[in-house]
There are 2 protein chains.
Amino acid sequence: MASVFPLADLRRSNTPRAWLNSIIKGDCVAALEALPDKSVDMIFADPPYNLQLGGALHRPDQSLVDAVDDEWDQFASFEAYDAFTRAWLLACRRVLKPTGTIWVIGSYHNIFRVGATLQDLNFWILNDIVWRKTNPMPNFKGRRFQNAHETMIWASPDPKGKGYTFNYDALKAANDDVQMRSDWLFPICSGAERLKGEDGKKIHPTQKPEALLARCILSASKPGDVILDPFFGSGTTGAVAKRLGRNFVGIEREQDYIDAASARIAAVQPLGSNELTVMTGKKAEPRVAFTALIEAGLLKPGQVLISEKRRHTAIIRADGTLVSGDDSGSIHRVGARVQGLDACNGWTFWHYEERGKLKPIDALRGVIREQMAKLG
Amino acid sequence: MASVFPLADLRRSNTPRAWLNSIIKGDCVAALEALPDKSVDMIFADPPYNLQLGGALHRPDQSLVDAVDDEWDQFASFEAYDAFTRAWLLACRRVLKPTGTIWVIGSYHNIFRVGATLQDLNFWILNDIVWRKTNPMPNFKGRRFQNAHETMIWASPDPKGKGYTFNYDALKAANDDVQMRSDWLFPICSGAERLKGEDGKKIHPTQKPEALLARCILSASKPGDVILDPFFGSGTTGAVAKRLGRNFVGIEREQDYIDAASARIAAVQPLGSNELTVMTGKKAEPRVAFTALIEAGLLKPGQVLISEKRRHTAIIRADGTLVSGDDSGSIHRVGARVQGLDACNGWTFWHYEERGKLKPIDALRGVIREQMAKLG
DNA sequence: ATGCGAGCTGAATCTATGA
DNA sequence: ATCATAGATTCAGCTCGCA
């Protein structure tokens, strides 16, 4: 079982990070306040949606729709909901690292208030993501469009929004080599994945699909990161985090949910490190100075570099700069100047000739990087 | 030409509904205040989004992205934007019939503030609708998900939300006899539909596609209804309303936009009553991400994929990439690398084993595509 | 005519690092 | 904190020129 921490015990504990990979039992804001500053890499929050339901809803066959009418989803007014939202988001902001990010999921009942509050608290929205449901509940009265999606907001606590983890290259590689879009398609959580009690009834009314959490976690965290869920519920965040080699912290008030989540997480088998390696692109590779190519003898001072369509040439100087007519400087600067542009990636712009063929000097970086790799 | 009404002239006019099928030139709120109470059946509003752009943005080929940096999109703060939003929504509420509805479109920059303000003003949200773009602009720096959608809020001024027009059956009939969902797929406005000046440049930076307006108007109004657009711009709302046999009123400040919209609307030929059927959108694109197979549980991280003649193998990683020896990346890239080729279709190259037999992973796409096809 | 390839463009809150 | 510099980064669809 994942360990459970009554909040009072956690406050008394002297062990640093005793809360790691455990569920803190208590009020969301109070529990957050017991965690250290800047201790969490990613937050996934599935707060109460503040549904404002009228009477009971029946299907066309007169069966009753099992509505979310739990006590924890009741708020007296929008003002009360806003105050609640502000409080837990502020508490989240403190425990989140400046390079961390937060996800909040909601529907049209609450997501506008959550989004506005995030902005008011100076979070910086990176994307809004639409979860399109393959199998949403129909609209039984035929008075609206079928409500077939929910919305997630992905935001950085830093208004400049830099330095956060985003596994762009892995997402693109996994998506037929095109960028991952802001609209995602997943089934709702049902079947074997849906936690049920001995009576066969669902344990939690709004259990989220693991695939949704997996996409969020794989997008915006690294193995070993700490992922916090302040409304832990049935523990989907914890189960997926564990499976994907991340650490988790959950906060939950209701003992029934804690029991179910704890058992669920205990049964999760983490993936091995080979399966968890994150695909990275050029950005993550070690830098290679242009002079390293000269020092390694792959290029020589006096040698001519050529642009792809042979429109421009430049000569390599011994100090690792280029000269082309009146322009001189780095491979990037000269590449930009000869084209009349502000910027240029010299590694892909400049080519060298080998047996009559032009190859980008970028290819030579690979040789250097292989040498570096051998040295450890 | 559609008639244009300087606001001062409208105020002096004694003719009832002189403003019908015309463009009122003036400030949004002031013009709304010149219209009678409860005179409008539907409002479509495309307010400024309050984009907060940093410096210039260049594409990878160094060309400049033509940003929306117009004066009308500049606000000093969220407070200023909220005050603006509140003012025009309040003015809209007065002119809207109790049985009417309002649509507001926006992006994550402004839609949360709009939605919260609607709720604060006691509008009743009926749906939030996602416009999924078939051809959105990419994210050039690879630091976010491609922003591939915008959001519309559809709301009633009556908190009980009764009596409004919703052409449920027509929408369902036009949608393969299943309910119309809250996620719609349309291309952005480009090509011949995009209004351009003599210089070939776009007249308006944010012209919306007619198909989008047609879906809204056909969903929530009847022929002969009055449709108001308080941010008329290039007049898409007016053009589509006229074509669909509805009356329109537009409000716009800028003379250039008024001129273009006026000429555009004059050229519109209204449809006959027989032809006023619901337009259908595009079908969902068939692309299936490799991750979708993992997310659906059809393949698992750690599982081995095999080439047809069992010459090559690769292991599936959790992020949806493959690894084979030193090579890693998308199914296509790894397929190419292990064969020493430039390109490879990973869908047909890689196989999974089932009861001793190899089947191409492409077969699993069929399962996913069936799900997607159901969504229309 | 038809096909092909190069070029252009769309509501965009779009970098990381070291001095 | 600012500033300079290295160098990484795009998808779908339309238009136009040319074979």
Original post:
Are A:Asp183 and A:Arg181 close enough for a salt bridge, meaning some N to O gap below 4.0 Å?
Top reply: yes
Subject >> From D:dT10, C:dC14, C:dG10, nucleotide with atom closest to B:Asp61 side chain >> reply: D:dT10
Subject >> Strand-adjacent residues in residues 162-175 of chain A, judged by heavy atoms under 4.0 Å from DNA chain C >> reply: A:Lys162, A:Gly163
Original post:
For B:Val65, which contact category applies under a 4.0 Å heavy-atom criterion: base, sugar-phosphate, or nothing?
Top reply: base
Original post:
Could you give the NZ-to-C1' distance, from B:Lys133 to C:dG10, as a whole number of Å?
Top reply: 8 Å
Subject >> For atom NE2 of B:His58 and atom C1' of C:dA12, their distance in whole Å >> reply: 13 Å
Original post:
What nucleic acid atoms does B:Pro47 come within less than 4.0 Å of, heavy atoms only: base, sugar-phosphate, or nothing?
Top reply: base
Original post:
Does B:Arg144 make a cation-pi contact with A:Tyr164 (under 6.0 Å, within 45 degrees of the axis)?
Top reply: no
Original post:
Measuring from B:Ile125:CD1 to B:Ile102:CD1, what's the distance to the nearest 0.5 Å?
Top reply: 11.0 Å
**OP:** Write down the distance between CZ (A:Phe290) and C1' (D:dT5), rounded to a whole number of angstrom.
**Re:** 16 Å
**OP:** Validate the cation-pi geometry between B:Arg253 and B:Trp72: distance from NZ or CZ to the six-membered ring centre under 6.0 Å, angle to the ring axis within 45°.
**Re:** no
Original post:
With a 3.5 Å cut-off and just heavy-atom distances, do the side chain of A:Arg287 and the base of C:dG18 make a donor-acceptor pair?
Top reply: no
Subject >> Options C:dA11, C:dT9, D:dA12, nucleotide nearest the side-chain atoms of B:Ser63 >> reply: C:dT9
**OP:** Using a cut-off of strictly less than 4.0 Å, decide whether A:Ser330 has a side-chain nitrogen or oxygen near OP1 or OP2 of D:dA6.
**Re:** yes
Original post:
Within the distance-only criterion (no hydrogens, no angle test), does the side chain of B:Glu252 pair as donor or acceptor with the backbone N or O of B:Gly233 below 3.5 angstrom?
Top reply: yes
**OP:** Fit a plane to each ring of B:Phe84 and B:Tyr81, take the angle between them on a 0 to 90° scale, and name the class: parallel (under 30°), tilted (30 to 60°) or perpendicular (over 60°).
**Re:** tilted
Subject >> A:Arg333 side chain to A:Thr321 backbone, donor-acceptor under 3.5 Å >> reply: no
**OP:** Please work out if A:Ile125 contacts a base, only the sugar-phosphate, or nothing of the nucleic acid, heavy-atom cut-off 4.0 Å.
**Re:** base
Subject >> d(CG, B:Asp73; C1', C:dA12) in whole Å >> reply: 11 Å
**OP:** Name the nucleic acid region contacted by B:Glu193, choosing base, sugar-phosphate or nothing; use a 4.0 angstrom heavy-atom cut-off, strictly under.
**Re:** nothing
**OP:** Look at all strands and tell whether B:Ser107 reaches a base, only sugar-phosphate, or nothing, counting heavy atoms closer than 4.0 Å.
**Re:** nothing
Subject >> D:dA8 phosphate, OP1 or OP2, under 4.0 Å from A:Asn345 side-chain N/O >> reply: yes
Subject >> Closest to the A:Lys309 side chain, choosing from C:dG7, D:dA8, C:dA11 >> reply: C:dG7
Subject >> Nucleic acid contacts of residues 141-149 of chain B, taken as heavy-atom distances under 4.0 Å to DNA chain C >> reply: B:Lys141, B:Arg143, B:Arg144, B:Asn147
Original post:
For A:Gln179 and D:dT9, what is the distance between atoms CD and P respectively, to the nearest whole Å?
Top reply: 11 Å
Original post:
Taking for each residue the nucleotide of DNA chain D with the nearest heavy atom, is it B:Lys196 or A:Gly346 whose nucleotide lies nearer the 5' end?
Top reply: A:Gly346
Original post:
Given atom CG of B:Leu53 and atom P of C:dG10, what is their separation to the nearest angstrom?
Top reply: 15 Å
Original post:
Which part of the nucleic acid does A:Asn127 contact within heavy-atom distance under 4.0 Å: base, sugar-phosphate only, or nothing?
Top reply: nothing
**OP:** May I have the distance from B:Asn50 (atom CG) to C:dA12 (atom P), rounded to whole angstrom?
**Re:** 15 Å
Subject >> Nucleotide nearest A:Arg365 when distance is taken to its side chain, options D:dG7, D:dT9, C:dA11 >> reply: D:dG7
**OP:** For A:Met180 and D:dT9, give me the distance from atom CE to atom P, rounded to whole Å.
**Re:** 17 Å
Subject >> Residues B:Arg113 and A:Asp120 bridged, charged N to O under 4.0 Å >> reply: yes
**OP:** Could you tell me whether a side-chain N or O of A:Gln303 sits under 3.5 Å from a main-chain N or O of A:Lys300, the two making a donor and an acceptor?
**Re:** yes
Subject >> 5'-most by nearest nucleotide on DNA chain C - B:Arg59 or B:Pro138 >> reply: B:Arg59
**OP:** Say whether B:Asp256 and B:His204, considering side chains only, have a donor N or O and an acceptor N or O under 3.5 Å apart.
**Re:** no
Original post:
Do the side-chain N or O atoms of B:Arg194 get closer than 4.0 angstrom to the phosphate oxygens (OP1, OP2) of C:dA11?
Top reply: yes
**OP:** For C:dA1 versus D:dG17, give the span between their C1' atoms, rounded off to a whole number of Å.
**Re:** 15 Å
Subject >> B:Thr236 side chain to B:Arg264 side chain, donor-acceptor N/O pair below 3.5 angstrom >> reply: yes
**OP:** Any chance you could encode DNA chain D as dot-bracket? Rule is Watson-Crick or G-U wobble with both distances under 3.5 Å; [ ] for pairs crossing earlier ones, | for another strand.
**Re:** .|||||....|||||||||
Subject >> Between B:Asp259 and B:Gln255, a side-chain donor and acceptor under 3.5 Å >> reply: yes
**OP:** Using the C1' atoms only, state how far C:dG10 lies from D:dT10, rounded to an integer number of Å.
**Re:** 12 Å
**OP:** Considering non-hydrogen atoms only, spot the tightest contact between A:Trp124 and A:Pro159 and give its length.
**Re:** CD2-O, 3.0 Å
**OP:** Quick one: label A:Gly335 by what it contacts on the DNA or RNA (base, sugar-phosphate, nothing), any heavy atom closer than 4.0 Å.
**Re:** nothing
Original post:
Does A:His332 have a side-chain nitrogen or oxygen under 4.0 Å from the phosphate oxygens OP1 or OP2 of D:dA6?
Top reply: no
Original post:
Do A:Lys283 and D:dA6 have a side chain to base donor-acceptor pair shorter than 3.5 Å?
Top reply: no
Subject >> Atom pair CZ (A:Phe290) and CD1 (A:Ile361), whose distance is rounded to the nearest 0.5 Å >> reply: 5.0 Å
Original post:
Can you tell me how far P in D:dG7 sits from the matching atom in C:dC14, rounded to whole Å?
Top reply: 23 Å
